[in-house]
Amino acid sequence: MRDVSCKLLSTTYKKDTNGIQTIDKIEEKEVPIIDEEDIYANEYYQANQNGYKPTLRLVISSLNYNNEQELIYMDVKYTIIRIQKKNLDELILICERKNYDRSN
């Protein structure tokens, strides 16, 4: 059975005394998924030319998205590589799987 929600991750950073930016905190926001779609072949090959490997397309409400760069779906962490408007109310998040999953 598929998850009906995912967790969008927003990261805030802080600078230490040397001016080096470090992660301050990571917040998880659970949002409902409207649909999961297949990656189109031409989209995969175009992204692959730019060094990306899209593995997941999720449709969510545009009201739930606030420029997050990562998400967790089915206990696997993904990077959001592109956002596409499906219609006025929905966004498609095209994601690339990270090299590790959340359990590690």
Side-chain angles (χ1 to χ4, degrees):
M1 182 175 174
R2 296 274 186 197
D3 264 345
V4 292
S5 67
C6 68
K7 295 177 184 169
L8 294 174
L9 304 177
S10 60
T11 306
T12 54
Y13 297 91
K14 65 178 179 180
K15 288 188 178 181
D16 63 11
T17 54
N18 296 326
I20 298 173
Q21 203 173 36
T22 57
I23 294 175
D24 185 28
K25 63 180 175 177
I26 299 174
E27 293 182 23
E28 294 181 359
K29 176 175 69 171
E30 192 163 336
V31 298
I33 295 172
I34 297 170
D35 195 13
E36 179 182 352
E37 300 178 346
D38 292 331
I39 299 292
Y40 304 126
N42 63 342
E43 178 178 53
Y44 178 83
Y45 291 117
Q46 285 178 348
N48 203 1
Q49 289 176 345
N50 293 321
Y52 296 110
K53 293 185 182 353
T55 54
L56 178 69
R57 284 174 61 102
L58 294 178
V59 180
I60 65 168
S61 169
S62 58
L63 296 173
N64 291 324
Y65 184 72
N66 193 23
N67 295 320
E68 289 88 355
Q69 300 298 310
E70 296 179 317
L71 63 83
I72 296 173
Y73 177 65
M74 303 285 288
D75 289 328
V76 177
K77 195 170 188 180
Y78 293 86
T79 300
I80 301 169
I81 56 177
R82 191 166 66 87
I83 293 96
Q84 178 181 342
K85 276 191 164 190
K86 184 168 186 170
N87 56 43
L88 217 48
D89 299 325
E90 298 173 347
L91 292 176
I92 300 172
L93 304 177
I94 295 95
C95 306
E96 176 179 45
R97 184 180 180 149
K98 291 279 200 170
N99 290 334
Y100 55 89
D101 63 22
R102 188 150 194 228
S103 61
N104 289 343

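Side-chain contact between P32 and V4 is absent, with no heavy-atom pair separated by less than 4.5 Å. Side-chain contact between I39 and L56: absent, with no pair of heavy atoms (C-beta onward) separated by less than 4.5 Å. With a 4.5 Å cut-off on side-chain heavy atoms, K85 and L91 count as touching. Put simply, the side chain of R97 reaches to within 4.5 Å of the side chain of V76, judged on heavy atoms.
Separation of atoms CG (D35) and CD (E90) is listed at 8.5 Å; rounding is to 0.5 Å. Distance CD1/I94 to CD1/I80: 10.0 Å, rounded to 0.5 Å. In this structure, CD1 on I34 lies 8.0 Å from NZ on K86, to the nearest 0.5 angstrom. Separation of atoms CD (E30) and CG (L8) is listed at 10.0 Å; rounding is to 0.5 Å. Note: E28 CD to L71 CG = 11.0 Å, rounded to the nearest 0.5 Å.
Annotation for D38: atom CG does not count as buried by contact number, only 12 or fewer foreign heavy atoms lying within 6.0 Å.
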Problem set entry | Verdict with supporting geometry, V31 and C6, side-chain contact (heavy atoms from CB on, under 4.5 Å) | CA-CA 6 Å; V31 298; C6 68; 3.6 Å; yes
Problem set entry | Trace of the side-chain contact (heavy atoms from CB on, under 4.5 Å) decision for L9 with K77 | CA-CA 9 Å; L9 304 177; K77 195 170 188 180; 3.5 Å; yes
Problem set entry | Test log, rule side-chain contact (heavy atoms from CB on, under 4.5 Å), inputs Q69 and T11 | CA-CA 9 Å; Q69 300 298 310; T11 306; over 6 Å; no
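Here E27 does not pair with K29 in a salt bridge; the nearest charged N to carboxylate O distance is not below 4.0 Å.
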Donor-acceptor list for residues 57-66 side chains, cut-off 3.5 Å, not counting sequence neighbours:
residue	atom	partner	partner atom	Å
R57	NE	E37	OE1	3.2
R57	NH1	E43	OE1	2.9
R57	NH1	E43	OE2	3.0
R57	NH2	E37	OE1	3.0
S61	OG	L63	N	3.2
S62	OG	D89	O	3.2
Y65	OH	E68	O	2.7

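Between Y78 and Y73, the closest heavy-atom pair is CE1-O, 3.7 Å.
Screening residues 13-23 for side-chain hydrogen bond (donor to acceptor under 3.5 Å, both in side chains) gives no qualifying pairs among residues at least two apart or on separate chains.
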